[in-house]
2 protein chains.
Amino acid sequence: MKTNQIYDYTERLSEVLRVSTRRVGAKYGLQPVQIQVLRYLSLCNRFSDTPMGVTEYLGLTKGTVSQTLKVLEKKSYITKRADALDKRLAHLKLTRAGKGLLSDIMPPPSFKAACASLSDEQSAALGGGIEQLLLRFLQTNSMKTFGLCYTCRYNKKQDMGNYSCTLLNIDLSLDDTQLICREHVLIGKS
Amino acid sequence: MKTNQIYDYTERLSEVLRVSTRRVGAKYGLQPVQIQVLRYLSLCNRFSDTPMGVTEYLGLTKGTVSQTLKVLEKKSYITKRADALDKRLAHLKLTRAGKGLLSDIMPPPSFKAACASLSDEQSAALGGGIEQLLLRFLQTNSMKTFGLCYTCRYNKKQDMGNYSCTLLNIDLSLDDTQLICREHVLIGKS
DNA sequence: CATTATGGTATCGTCTCGATACCATAACCT
DNA sequence: AGGTTATGGTATCGAGACGATACCATAATG
């Protein structure tokens, strides 16, 4: 019953968000997808900052992403550095310019203003509802959750401020656990 | 406080929705924007089914939209017919094939499934919250609301099942009032 | 009428995106 | 070990999106 209404609003909000992102990005000569890449790199951990990580997050093909990254590197918004152990991997980092750009335009001021018009109850309900919707939607589209590390089933607390990942068998700092990870599997899921 | 969380989820949901639309559309040789055009034409009233209506709804330029419409017409998903009174206007209609396509893929099955996982309370809260967010966001982006005719300040009830538009000075049927309109202004707004 | 506004099309350049092919490195085999 | 397969990444190509600009036809306005 409510499905169509929710879909209408979600779809419309997506369109408007995209238009808004395009207009903001145009001022800096950036496409929407390029901004999304920068944004992802600002949120992901050191195991996920590779071209394949970006590829999975955005649901594109690796060839497409490779081209986008080349442009961003040429514009000096990111740097590419080979992994020390696995020579196939490249790690992507935001430059100072990249970080500065993001903090200028993300989230879009018009979105912040729109959020500010919500009451606390509305805001909490909206956040919860959209989270649930997103998780289910990702699931039925066979896409990864890219959740925060500390909400992952592989995350184990060791002692004071020290954690580890039981999937990668690597120690984690507290900061590590505050970022999103491409290997993330929500606690309680198979 | 909650702004960033809401933004994260909204942005992510938008991305996944776009990817999902792209994948479904690829099966029919359609781009996301083409599907959005078809969807708009299935929702809008007879005063809004023109290239300019599509242009305003999608927030693009009229040249871009003109090209997209040409492709859709060549693929026989829409027809173009000149207006009887104003020879500048073209009215766009979905063909049988266009309607059939839309009913096959909209809303995406995976989205329906995700919505079905929400409780009634969650669903109602989500619908209300996202509506409010969308309206404010449209406002701060100087975009039109494209709301349902019967929620418009220009809509006046005459008698049994008969309505009129005080902006266009035209009589409306009940069916007319159930569609979205490019002239829509929400009741209570200036 | 002349001027301006509006709706629409055509053309061009930049860019996205998927598809395909290809290369380098790593993991997995008996 | 040596061959096979899997994985991460790049290069190239064609279809199409998109904005910008220019242009045309019709309508509205003075």
Side-chain angles (χ1 to χ4, degrees), chain A residues 15 18-38 47-75 77-92 168 182-183, chain B residues 15 18-38 47-75 77-92 168 182-183:
Chain A
E15 289 163 1
R18 184 169 178 84
V19 168
S20 167
T21 302
R22 179 177 295 282
R23 287 180 186 167
V24 171
K27 296 177 185 169
Y28 298 85
L30 290 179
Q31 303 289 324
V33 71
Q34 295 170 341
I35 294 179
Q36 285 170 352
V37 169
L38 295 180
F47 312 116
S48 313
D49 60 353
T50 65
M52 275 312 289
V54 176
T55 298
E56 289 178 355
Y57 186 78
L58 295 182
L60 305 174
T61 59
K62 59 183 183 176
T64 298
V65 170
S66 180
Q67 298 313 304
T68 299
L69 294 174
K70 197 166 68 173
V71 174
L72 287 174
E73 195 180 14
K74 193 164 60 187
K75 294 189 176 179
Y77 288 126
I78 65 174
T79 60
K80 203 178 295 183
R81 190 173 50 77
D83 186 276
L85 300 177
D86 187 336
K87 293 181 182 172
R88 292 173 305 183
L89 301 184
H91 290 278
L92 310 164
L168 303 176
R182 59 183 292 208
E183 308 291 356
Chain B
E15 289 164 0
R18 186 172 176 82
V19 168
S20 167
T21 302
R22 180 178 295 283
R23 288 181 184 168
V24 171
K27 296 178 186 170
Y28 299 85
L30 290 178
Q31 302 289 326
V33 70
Q34 296 170 340
I35 294 179
Q36 284 169 352
V37 169
L38 295 181
F47 312 116
S48 313
D49 61 351
T50 66
M52 276 311 290
V54 177
T55 298
E56 289 179 354
Y57 186 79
L58 296 182
L60 305 175
T61 59
K62 57 183 184 175
T64 297
V65 170
S66 181
Q67 298 312 305
T68 298
L69 293 175
K70 198 166 68 173
V71 174
L72 286 175
E73 195 180 11
K74 192 166 60 187
K75 294 187 177 179
Y77 288 126
I78 65 173
T79 60
K80 205 178 293 182
R81 190 172 49 75
D83 186 277
L85 300 177
D86 188 335
K87 292 182 183 175
R88 292 173 304 182
L89 301 183
H91 290 278
L92 309 165
L168 304 176
R182 59 183 292 207
E183 308 290 359

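Proteins get letters first, then strands, A, B, ... in listed order; numbering begins at 1 in each. Model, not experiment: these values are computed from the prediction.
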A.B. asks: Would you kindly compare K74(B) and T61(B) by the position of their nearest DNA chain D nucleotide and give the one closer to the 5′ end?
C.D. replies: K74(B)

A.B. asks: Distance check, rounded to the nearest 0.5 Å: K87(B) atom NZ versus L85(B) atom CG?
C.D. replies: 10.5 Å

A.B. asks: Judged by each residue's nearest nucleotide on DNA chain C, which is more toward the 5′ side, R88(A) or R18(A)?
C.D. replies: R18(A)

A.B. asks: Nearest heavy atom decides the nucleotide; on that basis, is R22(A) or G63(A) closer to the 5' end of DNA chain D?
C.D. replies: G63(A)

A.B. asks: Main chain of R182(B), side chain of S48(B): is a donor-acceptor contact present, judged purely on distance under 3.5 Å?
C.D. replies: yes

A.B. asks: Between CD of E183(A) and CD of E56(A), what distance do you get to the nearest 0.5 Å?
C.D. replies: 7.5 Å

A.B. asks: If each of L60(A) and T64(B) is mapped to the nucleotide of DNA chain C with the nearest heavy atom, which maps nearer the 5' terminus, i.e. the 5' end?
C.D. replies: T64(B)

A.B. asks: Rounded to whole angstrom units, what separation is found between the CD1 atom of I35(B) and the P atom of dG16(D)?
C.D. replies: 14 Å

A.B. asks: With heavy atoms of chain A within less than 4.0 Å as the criterion, where does contact along DNA chain C begin and end?
C.D. replies: dC15(C) to dA26(C)

A.B. asks: Which one of V54(A), L38(A), T50(A), L72(A) satisfies the side chain to side chain contact (heavy atoms under 4.5 Å, CB included) criterion with L92(A)?
C.D. replies: V54(A)

A.B. asks: Once you round it to whole Å, what is the distance between P of dA17(D) and NZ of K70(B)?
C.D. replies: 11 Å

A.B. asks: Select base, sugar-phosphate, or nothing to describe what K87(B) touches, counting heavy atoms under 4.0 Å on all strands.
C.D. replies: sugar-phosphate

A.B. asks: Using the rule given for side chain to side chain contact (heavy atoms under 4.5 Å, CB included), can you reason through Y77(B) versus L30(B), listing the C-alpha separation, both sets of side-chain angles and the distance that settles it, and then say yes or no?
C.D. replies: CA-CA 11 Å; Y77(B) 288 126; L30(B) 290 178; 3.9 Å; yes

A.B. asks: Atom CG of L30(A) and atom C1' of dG19(D): how far apart are they, to the nearest Å?
C.D. replies: 16 Å

A.B. asks: Passes side chain to side chain contact (heavy atoms under 4.5 Å, CB included), R23(B) versus V19(B)? Steps please.
C.D. replies: CA-CA 6 Å; R23(B) 288 181 184 168; V19(B) 168; 3.5 Å; yes

A.B. asks: With a non-hydrogen cut-off below 4.0 angstrom, is A90(B) in contact with a base, only sugar-phosphate, or nothing?
C.D. replies: sugar-phosphate

A.B. asks: Using a cut-off of 4.0 Å on non-hydrogen atoms, how would the nucleic acid contact of L69(A) be classed: base, sugar-phosphate, or nothing?
C.D. replies: nothing

A.B. asks: With sugar-phosphate meaning primed atoms plus P, OP1 and OP2, does L58(A) contact a base, only sugar-phosphate, or nothing at under 4.0 Å between heavy atoms?
C.D. replies: nothing

A.B. asks: Using a cut-off of 4.0 Å on non-hydrogen atoms, how would the nucleic acid contact of Q34(B) be classed: base, sugar-phosphate, or nothing?
C.D. replies: sugar-phosphate

A.B. asks: Determine the contact category for T50(B): base if any of its heavy atoms lies under 4.0 Å from a base atom, sugar-phosphate if only primed atoms, P, OP1 or OP2 are that close, otherwise nothing.
C.D. replies: sugar-phosphate

A.B. asks: At what distance, to the nearest 0.5 angstrom, does CD of E15(A) lie from CZ of R18(B)?
C.D. replies: 9.5 Å

